[in-house]
Visitor: 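Below is the structure I would like to discuss, written out as structure tokens.
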Protein chains: 2
Amino acid sequence: MKTLLDHPDVKAFVLHWGEMGTQWGVNRSVSQIHALLYLSDRPLPADEITEALGLARSNVSTALKELQGYAIVRRVHVEGDRRDHFVAETDLWEMLLRIAAERKRREIDPTIALLGELAERLRHDETAPALVRERIGRMHEFISTLGGWYEQVRCLPKPTLVALMKLGGKVARFVSPLKGKSKER
Amino acid sequence: MKTLLDHPDVKAFVLHWGEMGTQWGVNRSVSQIHALLYLSDRPLPADEITEALGLARSNVSTALKELQGYAIVRRVHVEGDRRDHFVAETDLWEMLLRIAAERKRREIDPTIALLGELAERLRHDETAPALVRERIGRMHEFISTLGGWYEQVRCLPKPTLVALMKLGGKVARFVSPLKGKSKER
DNA sequence: CGGTTGTTTCGGTAAACACCGAACGCTTTG
DNA sequence: CAAAGCGTTCGGTGTTTACCGAAACAACCG
């Protein structure tokens, strides 16, 4: 059957996206399927994905579940078709924020929790080397701050985000007029 | 020999950091070594790392090279010792920026380049579905913008970064007074 | 210049992971 | 209430990746 992937550039995109995924700890099938759905002009049933990418049906199923876990793909119903169909989020900001949210939830938050425990325990532990106590404490504080920042930024309306991004380094002018002008660090 | 890792909390930190790494596509040895160096109060020679973590000497060697590739670990000389010693960057902002810089260089920049090519070619390709052309174009623009933003932010002096981070969502007030107040999206 | 100490390279092995396909269960349909 | 369609689960398999240990290489010292 004819699919999007017949086009060489589409294929290049999907393959690259797949490799990209692997480098960030996402498995190839998952990211390939995401790429395919992102380019599709209509919801696709699992079968078609299977055929287009040459993957096993079961693999596609679990990959789709994973993508839904990130909330960047969702199930939709199509008139007169019993099968589930899937569409990808096409707003790229939304996509990025959701991926970030989920990775934070899965990996960062537990890390913060652990660091919190360790830092707390070390605070009263006289036997531990001073530098260890300080550095684990700093790490905890640092990651917590980043996490807090993300939670705030994530709640800004999208147009604001776009505007901030376009501002780039110039935002610095607002925080401390003198510092905002440097181009070097 | 007695090492930092005798302390259970230090061990917990190192192990967790190692697992963390694997989830982000960094191999376990590399991130464990990084964690160990981060907590160490003095430069460590490869031997000590080998012994402390129970890794093969060769593995430690390649991992150290990798860490130096990220510029978050550097070689130092210690008086009266022929061996190379290694220390980790302890400024966490610096660490984060360097990791980001390197990953951008390795993964994002090539992606932008590829997307640029594809987008350019598709612009003149009448046979390609309209949505594909648009979406690959959008993706290219989006990632390029993010990349540009990073390059600017990266050059801000560190205190400014800290200040901006502390501001959190409040930065939004400067870009468009009405939008900055929302807590929901 | 040997011998010593330290580092890197490389081929093989073991562990992790992705992926497949068969079997199972649920839902719809004739 | 069979039978077919669809989705998921699960055990096994192949591929990738990390890791080890031996050998090669380089620097230094007597």
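In what follows, chains carry the letters A, B, and so on, assigned in the order in which the sequence lines appear, proteins first and then strands, with residues in each chain numbered from 1. No hydrogens, no waters, no symmetry mates; every other heavy atom, side chains included, goes into these values.
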Visitor: Does the base of dT5(C) carry an N or O that pairs as donor and acceptor with the side chain of Arg82(B) under 3.5 Å?
Guide: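 Present.
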
Visitor: Show the nearest heavy-atom pair for residues Glu107(A) and Gln23(B), with the distance to one decimal.
Guide: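 Scanning both residues completely, I find the closest heavy atoms to be CG-OE1, 3.1 Å.
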
Visitor: Taking atom P of dC20(D) as reference, at what distance in whole Å does atom CD1 of Ile49(B) sit?
Guide: 14 Å

Visitor: Take atom NZ of Lys104(B) as the centre, draw a 6.0 Å sphere, and report whether it contains more than 12 heavy atoms from other residues, nucleotides or ligands.
Guide: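 It does: Lys104(B) NZ has more than 12 such atoms within range.
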
Visitor: Using only heavy-atom distances, decide whether a donor-acceptor pair under 3.5 angstrom links the side-chain of Ser58(A) to the base of dG21(C).
Guide: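 Answer is yes: a donor-acceptor pair is held.
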
Visitor: Without decimals, in angstroms, what is the distance between Ile33(A) CD1 and dA18(C) P?
Guide: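 Roughly 13 Å, once rounded to whole Å.
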
Visitor: Looking at Asn59(A), I'd like to know whether one of its side-chain N or O atoms comes within less than 4.0 Å of OP1 or OP2 on dA18(C).
Guide: no

Visitor: Which is true for Gly25(A) with a 4.0 Å heavy-atom rule: it touches a base, it touches only sugar-phosphate, or it touches nothing?
Guide: nothing

Visitor: Could you tell me the separation between the CG atom of Asp47(B) and the P atom of dT7(C), rounded to a whole number of Å?
Guide: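 It works out to 7 Å between those atoms.
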
Visitor: Roughly how many Å is it from NE2 in His85(B) to C1' in dG6(C), rounded to a whole number?
Guide: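 Going from His85(B) (NE2) to dG6(C) (C1'), I get 12 Å.
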
Visitor: One thing to verify: whether Arg138(B) and Glu141(B) come together as a salt bridge, which I'm taking to mean a side-chain N less than 4.0 angstrom from a carboxylate O.
Guide: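 Between Arg138(B) and Glu141(B) there is no salt bridge, as every charged N stays at least 4.0 Å from the carboxylate O atoms.
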
Visitor: Ignoring the backbone of Lys65(B), work out which of dC20(D), dT8(D), dT8(C) is nearest its side chain.
Guide: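 That would be dT8(C).
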
Visitor: Pick base, sugar-phosphate or nothing for Gly54(A), based on heavy-atom distances below 4.0 Å to the nucleic acid.
Guide: sugar-phosphate

Visitor: Please figure out whether Ser61(B) or Arg28(A) has its closest DNA chain C nucleotide nearer the 5' end.
Guide: Ser61(B)

Visitor: Any ion pair linking Glu66(A) and Arg106(A) (charged N to carboxylate O, less than 4.0 Å)?
Guide: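 Counted as a salt bridge, because a side-chain N and a carboxylate O are separated by less than 4.0 Å.
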
Visitor: Starting at atom CD of Glu66(A), determine the distance to atom C1' of dT8(D), rounded to an integer number of angstrom.
Guide: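 Nearest whole value for this atom pair: 15 Å.
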
Visitor: Rounded to whole angstroms, how far apart are CG on Leu53(A) and C1' on dA18(C)?
Guide: 15 Å

Visitor: Round to a whole Å and report the spacing from CG of Leu67(B) to P of dT7(C).
Guide: 16 Å

Visitor: Applying a 4.0 Å non-hydrogen cut-off, can you work out what Asp84(A) is touching in the nucleic acid: base, sugar-phosphate, or nothing?
Guide: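 Answer is sugar-phosphate: Asp84(A) comes under 4.0 Å of backbone atoms only.
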
Visitor: Could you pick out which residue, Thr62(B) or Val26(A), lies toward the 5' side of DNA chain C when each is mapped onto its nearest nucleotide?
Guide: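 This one resolves to Thr62(B).
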
Visitor: Side-chain N or O of Arg57(B) versus OP1/OP2 of dT7(C): is the shortest distance under 4.0 Å?
Guide: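 Yes.
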
Visitor: For the side chain of Asn27(A), counting heavy atoms from C-beta on, which of dC20(C), dC19(C), dG6(C) is nearest?
Guide: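 Nearest to the side-chain atoms of Asn27(A), counting from C-beta on, is dC19(C).
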
Visitor: Roughly how many Å is it from CD in Gln32(A) to C1' in dA18(C), rounded to a whole number?
Guide: 12 Å

Visitor: What do you reckon, is CZ of Arg98(B) surrounded by more than 12 foreign heavy atoms closer than 6.0 Å?
Guide: yes

Visitor: Please confirm whether the shortest side-chain N or O distance from Ser29(B) to OP1 or OP2 of dA18(D) is below 4.0 Å.
Guide: no

